[in-house]
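By convention in this document, chain letters (A, B, ...) are assigned in the order of the sequence lines, proteins followed by strands, and residues within each chain are numbered from 1. Just so it is clear, the model here is predicted, and its values are computed rather than measured.
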Amino acid sequence: MMRPFLRVLTPVFIMLMAVLLSGCGEQFIVLDPKGPIGESQKDLIYFSTILCAVIIVPVLILTAIIVIRYRDKPGSKASYKPNWEHSTKLEITWWGIPIVAIVILAIVTVKYTYALEPSKPIESAKEPITIQVTSLDWKWLFQYPDEDIATVNYIKIPEDVPIKFQLTADTAMNSFWVPQLGGQIYAMSGMAMTLYLQADEQGTYFGTGANFTGKDFAKMTFKVDATSEEDYKAWVDEVKATSPALTAEGFEQLTEPSVSNVQLFSSFPQGLFHKVAMQYINGGGGAHQHHGSAESEAADTKATDSNTAPADAAETHDHNASHTDSNAHAGH
Amino acid sequence: MAHAVSNPAGAHGGHGDGHHEEHHDQESMKMFGFWLFLITDVILFGTLFATFVVLRLNTDGGPTGAELLEMNGIIISTFILLTSSFTSGIAVLEMNKGNKRGLILWLAITALLGASFIFLEVNEFIHLVHEGANIGTSAYWSAFFVLVGTHGLHVSVGLVWMIALMIQLGRRGISPVTKRKVSIVSLYWHFLDVVWIFVFTIVYLMGVM
Amino acid sequence: MLDKIKQFASEFFVTGDPLILGAQVSIGLSLVAILFVLTFFKKWRWLWTEWLTSVDHKKIGIMYIIASILMLFRGGVDALLMRVQLAAPQLEFLNPEHYNAIFTTHGVIMILFMAMPLMFGLFNIVVPLQIGARDVAFPFLNSLSFWMFFFGAMLFNVSFIIGGSPDAGWLAYPPLSELSGSPGLGQDFYIWGIQISGIGSLATGINFVVTILKMRAPGMKLMQMPMFVWSVLSSCITIMFAFPILTVTLFLLFIDRYLGAHFFTLDGGGNPMMYINLIWMWGHPEVYIVILPAFGIFSEVVSAFSKKKLFGYKSMVFALMSISFFSFFTWAHHFFTMGSGANVNAFFALTTMLIAIPTGVKVFNWLFTMYRGRLSFPTPMMWTIAFIPCFVIGGMTGVLLSVAPADFQFHNSYFLIAHFHQVLIGGVVFGYFAGLYYWWPKMFGFRLHEGLGKWAFWFWNIGFYVCFMPQYALGLMGMTRRFNAYDFDMGWQPLNVVSTVGAFLMGMAFIFQVWQIAHSIRFFKKEKDGDAWDGRTLEWSIPSPAPLYNFARLPQVTSQDEWWEEKQRIANGQPAKPLSKLEPIHMPKNSGIPFIMSLCWFVAGFGFVWDWLWMAIPGLIGVAICMLVRSFSYDTDYYIPVDEIERTEAALRGTK
């Protein structure tokens, strides 16, 4: 009696869900990706949602049916078996159903986990552009080492070109997230993380910090403009021609806890990103030893001293070091 | 049937034989509870060991363990603590023989050995601080001092506990309650010994070699 | 001199915010009122002898529950303030610092000072009664656990008006929570408040494992224990393995802040990621610690109101135990985005999905307990029925989050917020409410008004969906958690307003519950029979509320639903079990040491927060003295004579 009922209902529900999720306009930016990474992640979200729905929708219906049918009412014709407490067949069935579903999901997940590993380059005929991302209190600094320009709270990228984001943080851990391009990755001090993203379409995309970093964390949003390659080149030239340079002192000012509007810089101090990433590793540069506020000095009176490590210690690792030995990696 | 700490034996002998059995239950339950506590303590030390292992190379350009740790002193401390574990075992044997004086004597020897272990440890710490390695020197030294210090703190608590127990034994003699207390302290002491063997191996041996 | 005092006061008290000033005044006034009432009615002695020094598990349970309801109020007010801010960020109802403090305290209070004590309260009241014991294994330790929790919670809460609240998030990730990121005292209050209450939780875990394994009534085999007892066992074992990690982690953070060590600092070779790993190695099991007992409650309630044996008992036990085991191997799914590499992420994604299997099985078992049953729907059962769809959907979104590459898009967004509120409210809170309504007659000897309870139920449920369903959508719109404000071109405001409306509906629901309790006390109707719901397990075989010693004679257990089987036997005309001779009952004496010792911990913690060694050291010495005094006291128990038991039983059971 139940089977045909379910057969009709499941597809209806899935359709409803698809309509709800994709049809509701452009506001659902996670489900409206404009790049290959975000696209795969969206597919994965849909797939896992439907797979789960295939199981839970019948369960919900079954719940309703059981609750209605077996409620205690005068003259109920439903059977009542107070001592029925075990059925090997049934129990094997419902250990089996979730096991099968999870096995399917697990296979897909593992496959995608390797395919979408953030540090894996995107296959493309074009050379990737590197953007070095630094989370400051409370603004983002973006450096374009290939173009030798820098921006604050604004990114411009050419469409159809893979972008290699390298991420670090000056102090607190943040997370770099541009939903329409693809998922996020943490920006942590003491290391450089890698995240490949790409925009397939021109447009303006919302970007944000996703991990709490203190007082004005909510002000750490930014816009990502994807344009044609010509427009991008023109923009780079324009920045180079018209914007001021980011000096070491200018960077010091940026690290002061504050919020910032969009800023553009025609150049930045050489090796700034690596210095910031390695500033806490002894001998690893020390971009600004007395970074941030006065309080941070109180935290630790011992500034980096003596013992200058070999220059190559300052070189950041491109791969994402595993969490347990990352410091050892960076420092030695 | 539940209560926190039982009466000394015979305090309510008038209630008949059933209650003696109840006492037995009580004391064995406490013993079991203490075993569970030791499991949680194992996790506690396990976490500290894990942090030490993670941070073992993070000397931040400062002194390393291999440079400052002196093995001779540590081998003596280790020997003292192992001996104290042995003497606490003798104390339990004396207790099982019903020899109150022997029990207190061997507990006292154990406590004395424990105290000298702590004395040596404190000396070691002072020495290290003089050499320029304190808890804020680097992550390595933070982990070192906290791990070794936590063990030392456990030993110190054990000392106070042992002294309190010796006074109780002197006043009340060997009863089911004091017997259980001695067994627990002895168990605790052996446990600290085992932890120390790990400290010795992981912090000192592997650090120096 | 006067200036000095002024200066001190302005640092000591939180100043400058009218909301906080209002709270300070009202807290001050209610303190005065409480002191006045206690003095006026000469209740101090009563309070001390009957409650503060009590080692009776039933009274300790009630104190836990009262404390947790107060904390639910505080955490709920925090939630409403946040929702008001998010509905209209342009008004800047809360400034960023205040907002950050409030989401931090909301999280800590709801998990550690609301869910945990409510859970411990139910453990305390129910477990000994269900296994036919007269108290827990270590009643003194039990009392100590409660007071450690209580003073820990007070120390945490006091930061609201004194010194400043913590504002680095409920798990306080370094480096933000280090001195460099949070120089204020709030973070120290956080550390000490949680540390002190955490030690109490650890002791409770050990206490109940021993109670369950060693103190069951004669004849009760492990596989005959009520399912709630199994769930408590699995939860407490998880506590034993998880809480020491919390203790160490907070201790290390304290050492960092207090002594300038470098465990989690940026410089000096510290490793902030280690903290994130450690805190989640506790934090993930922690959420299972609170949900497992809820599973147990649902099992009891479903069986009782279906008038049917619990379906798939062995499956249930196996599921509980495997959830508790696997909960230790999933922690890294809280930071798939840390870039630990595909191997690590794949491993933790799989372990996380694995947990969905036993959890799903439990749902099927509850459904098939109802199948071929006779269902009735008083409030405990309503909460249980509401739980199933809510938890199934919440569980499903959890599975979605466990898909590591997809989590890159969900992580730290409102999708995540909606998910964990759905499992924590839909699972834990609904579960504990079901338990509270179910065992209320057993605790207090009267029932709660059903009509008002149903109003509360519907407000909670409708409010819940109105509040949290929009948050899933907000997550997909890219809204990040912990934003105190947002731009309007994102289109987030309409759904935020809806969500806020839902939150206020839940606030109304809470008011209905308070009204329900007040009404039921006002029109107090004594339960005549101890068996309020025609129950199945041993707690229903004794009068409500249970006498001090619970069972005049320890029951002889032969089956799983012992009390139900006994009633069946009598209904079938078989003779009731013969009553054995009464014997004097061995009971623990009350003790003031737990209260005083916990107070000393509070003093020590407060001293360390302010770096006042003149206060911290005496506090610690007080703790040591309390322990020694306890060690030297041998007169800690007594016997209830037979004639007193006979008198009590006769009074409670009428002429029977």
For this session: Tabulate, in ascending numerical order, the residues of residues 140-158 of chain B having at least one heavy atom closer than 4.5 Å to a heavy atom of chain C, or enter 'none'.
Result: B/Ser142, B/Ala143, B/Val146
Exercise. Can you pull out the residues in residues 36-44 of chain B with any heavy atom less than 4.5 Å from chain C?
Worked result: B/Leu36, B/Phe37, B/Ile39, B/Thr40, B/Ile43, B/Leu44
Problem set entry | Heavy atoms from other residues, nucleotides or ligands near CZ of C/Phe632 exceed 12 (cutoff 6.0 Å) | yes
Problem set entry | Within 6.0 angstrom of B/Trp189 CH2, more than 12 heavy atoms from elsewhere | yes
Part of [X] within contact of chain B (heavy atom distance under 4.5 Å):
X        : answer
C/Phe251 : side chain
C/Leu213 : side chain
C/Ile245 : both

Kindly compute the distance separating [atom1] ([X]) from [atom2] ([Y]), expressed to the nearest 0.5 Å.
X        : Y        : atom1 : atom2 : answer
B/Asn58  : C/Met274 : CG    : CE    : 8.5 Å
C/Ile206 : B/Phe34  : CD1   : CZ    : 9.5 Å
B/Thr47  : C/Met281 : OG1   : CE    : 7.0 Å

Problem set entry | Residues C/Met627, B/Trp161; criterion side chain to side chain contact (heavy atoms under 4.5 Å, CB included); working and verdict | CA-CA 10 Å; C/Met627 284 175 156; B/Trp161 190 0; over 6 Å; no
Exercise. Within the distance-only criterion (no hydrogens, no angle test), does the side chain of B/Lys181 pair as donor or acceptor with the backbone N or O of C/Ser631 below 3.5 angstrom?
Worked result: yes
Exercise. Do you know which of C/Leu252, C/Thr249, C/Val209 has the most heavy-atom pairs with chain B at a distance under 4.5 angstrom?
Worked result: C/Leu252
For this session: Before giving the answer on side chain to side chain contact (heavy atoms under 4.5 Å, CB included), spell out for B/Thr51 and C/Asn271 the whole-Å C-alpha distance, their side-chain angles and the decisive distance to 0.1 Å.
Result: CA-CA 10 Å; B/Thr51 58; C/Asn271 189 343; over 6 Å; no
